[in-house]
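Report on the structure given below.
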Amino acid sequence: MPLHQQVTCNYEARRRGLHKLQLISEARKIVPDVVIVLGEELGRFRDASKLLYKFLASFSWNGKVERLGFDEVWMDVTDLVDYNRALLNPHDMTNSFFQLKQDDPTVGFFYNATGIAGHFFPDQPHPPILDLKDDLMTRLMLGSHLAQHIRVSLEQDQGYTSTVGISTNKILSKLVGNVFKPRDQTTLLPPYVSVNKASPTPSDKAERQSNISLFLDSHDIGKLPGIGFKMSQRVRDHILSRPAEFEIGLIYGGTKESVTVRDVRLFPGMGPELLEKILGGPGTERGIGAKAWNIINGIDDTEVQQARKVPSQISIEDSYIRLDTMPEVLKELRMLATSLLKRMHSDLLEDDDDPDSVGSKRWLAHPKTLRLSTRPRPPPNTDGTTTRSFNRISRSGPLPNFIFNLKDNTDATVEKLVQVALIPMFRRLHPQQSGWNLSLVNIAVTNLVETASDDGKGGGRDIGKMFRRQETILKEWKIEDRDVPPDPVLSVENNPGDVANGTSTMVGYEYPTVAEGNSLVVRSEDILPQTQNSVVSGSWDEDEDGDEDTEMCGVCKASMPVFAMAAHQRYHDLEG
DNA sequence: CGGGGAGAG
DNA sequence: CATTCTCTCCCCG
């Protein structure tokens, strides 16, 4: 019964013929000496991810460095490329110098600007010859050399190999990065637009089809970023004009029911309107037809996001074979809450650089909402068949302020959180005292409100600093329920034509090997010392606690002092 | 804003 | 077509 699959495997395993989501029995047959690791330890990956992200971001001028998952990053390097294009000397291209810092002409690397660095698509017998009048080609050439330099630095300085794609938007750079991997890079060559065949000049005679379509056409429709399982199935159904041929036996890779981008693009009547009919409907994204049509044509004007200081949510979850009694649930809630609190400390707490409070920590952001989600396992049907509803249900509510208090020890805070918040939420989710069986429990903090940062640029010792910080923190908590206009935002208007015209350059990165055996060991940032909070936060913690003198019992609705609640809840637990 | 769906690694 | 554990963006009421 317990047919166990491995979830993922590293590149070495893949080289030897294994793949994701494979049966372990099957894997052992192919690679008898395969090492199976049970469970996962995401902490080290998270640390490595942060480190490498910072390293990559250090190359950026405009801060447009966006993470996707733990191991992929987009960089919009348009500004570096533009700057260095202006530096090119047409009379000596082979000894070009790529300047990495705007304010220091000595920092950078030498490169040969007469050609593309690394691989390119389409592969051709002779490397493309650079024409400085070809704007796009020149930019992609510069991007390819920057990518090469960053990959080499990443490997030499950090000990990580990486794979890169270079093109003009996020979709294309991500997809073209898959062409040569691992430890390689690929540039999607021009032309990116089809030449008008109505009046072909002698020079653009034969071959001038857009390399974008040439590249995308062979992809399965579901491989395009933004077109996932549900959407690709709907498109497939329509193209094949029959109900979804079940993809049983199609565990991975090659599709026999393959519908490619080309099949979709050239389907009679295909366009944004038809796609809207296929994909649209209540609950679906507005304008999904146009969006999908753009993806199919490699058009993507979404910006590479600036680095965000804090995530928009932090969640911890675990899955279970069987979880159907209250004492077990309590135990798990405590475990999860402990992990969550740790994560909040490592991700949301930073050293307070205020010279008056050395060694203390301050919150980068305050989550306002706590959410509890579960995935109930549906009871077997009367006829023995299994209905699968793998979906989650959730309840959320305000996150109690005491969790920001760093003076109490973790166990006490966790216990309080479980008793006053998580158990009541659990009762809202599962009012029945028994009969449920959970396959997953997740707790999350969301609605993160960033703490106004004073980066100290106003000068070192400022007597008003502490006071002003107190002001901003208090303001943050005062506005809770009021309709206050948002802070003014400096909106920099950029030229949307840049992306559409293919004048920006994106580099998508992937560092695939967080290898255990790497020579360079990546160490985590380690445990936070149990320090006192700063004077300011300490004081408002106390104030906020005052609001919680009484609590209402989630079960019997009785109101009572908060210190009595834990015992009261245990009473219910025993009773139920 | 609460709850859920879809898609990403 | 999810198995795992996250995370983001989006829609509806």
Side-chain angles (χ1 to χ4, degrees), chain A residues 2-9 20-24 37-43 45-46 49 66-74 163 170-171 174-175 177-178 222-234 236 244-252 255 257 279-288 291-292 295 302 305 308 310-321 336 339-340 343 347 368-375 377 386 388-398 425 428-429 439-448 480-481 483 508-512 514:
Chain A
L3 57 134
H4 270 44
Q5 286 176 340
Q6 46 128 337
V7 172
T8 191
C9 57
K20 290 190 290 191
L21 308 178
Q22 194 169 35
L23 288 175
I24 287 176
V37 178
L38 294 180
E40 71 292 307
E41 206 222 307
L42 292 177
F45 280 93
R46 213 184 328 266
S49 176
E66 179 180 348
R67 236 149 68 96
L68 181 60
F70 280 173
D71 65 351
E72 286 184 42
V73 171
W74 280 291
T163 304
K170 295 206 290 181
I171 290 178
K174 177 171 166 58
L175 286 175
N178 294 331
K223 289 283 192 296
L224 302 193
I227 301 186
F229 180 79
K230 302 273 182 177
M231 276 169 63
S232 61
Q233 273 299 59
R234 287 167 81 149
R236 266 192 273 269
E245 189 76 14
F246 281 113
E247 297 189 76
I248 310 266
L250 201 183
I251 313 289
Y252 71 101
T255 342
E257 284 277 73
L279 301 171
T284 60
E285 195 176 332
R286 275 184 303 263
I288 188 63
K291 189 179 162 189
I295 293 174
T302 61
Q305 297 295 118
R308 254 178 304 192
V310 294
S312 66
Q313 80 168 223
I314 298 174
S315 74
I316 300 286
E317 70 187 35
D318 212 340
S319 50
Y320 309 92
I321 306 288
L336 293 169
S339 305
L340 185 65
R343 277 290 305 283
D347 291 10
K368 288 197 305 190
T369 307
L370 178 68
R371 185 182 64 216
L372 174 68
S373 311
T374 63
R375 188 176 58 194
R377 203 187 303 280
T386 48
R388 67 219 169 4
S389 118
F390 280 103
N391 292 334
R392 297 139 100 106
I393 53 178
S394 69
R395 294 293 179 269
S396 46
M425 275 179 183
R428 280 207 283 147
L429 266 177
S439 61
L440 176 142
V441 177
N442 172 301
I443 60 179
V445 287
T446 66
N447 251 322
L448 273 70
E480 262 177 353
D481 285 323
D483 199 11
Y509 281 90
E510 188 179 357
Y511 28 90
V514 182

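Letters A, B, ... are given to chains in the order of the sequence lines, protein chains preceding strands, and every chain is numbered from 1.
Evaluation of the side chain to side chain donor-acceptor pair (under 3.5 Å) rule for A:Thr446 yields no partner, not counting sequence neighbours. Checked against salt bridge (Lys or Arg N to Asp or Glu O under 4.0 Å), A:Arg343 has the following partners two or more places apart in sequence or in another chain: A:Asp347. The side chain to side chain contact (heavy atoms under 4.5 Å, CB included) check on A:Arg286 picks up nothing, with sequence neighbours excluded. The side chain to side chain donor-acceptor pair (under 3.5 Å) check on A:Glu285 picks up A:Lys291, with sequence neighbours excluded. Annotation: side chain to side chain donor-acceptor pair (under 3.5 Å) contacts of A:Glu317 (sequence neighbours excluded): A:Arg392, A:Asn442. A search for side chain to side chain contact (heavy atoms under 4.5 Å, CB included) contacts involving A:Pro398 returns nothing, not counting sequence neighbours. Taking A:Ser232 as the reference, A:Arg236 meet the side chain to side chain donor-acceptor pair (under 3.5 Å) condition, with sequence neighbours excluded.
Residue contacts for A:Arg308: at a heavy-atom cut-off of 4.0 Å it reaches the sugar-phosphate backbone alone, with no base atom in range.
Between A:Ile171 and A:Ile295, the closest side-chain pair of non-hydrogen atoms falls below 4.5 Å.
Distances shown here put a side-chain N or O of A:Arg375 below 4.0 Å from the OP1 or OP2 atom of C:dT4. Close to C:dC12, at under 4.0 Å from its OP1 or OP2, lies a side-chain N or O of A:Arg286.
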**Q.** Under 4.0 Å protein heavy-atom contacts per nucleotide of nucleotides 2-7 of chain B, with B for base, S for backbone only and - for none
**A.** SSSSSS
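For DNA chain C, the stems formed by at least three consecutive Watson-Crick or G-U pairs, with both atom-pair distances below 3.5 Å, span B:1-9 with C:5-13.
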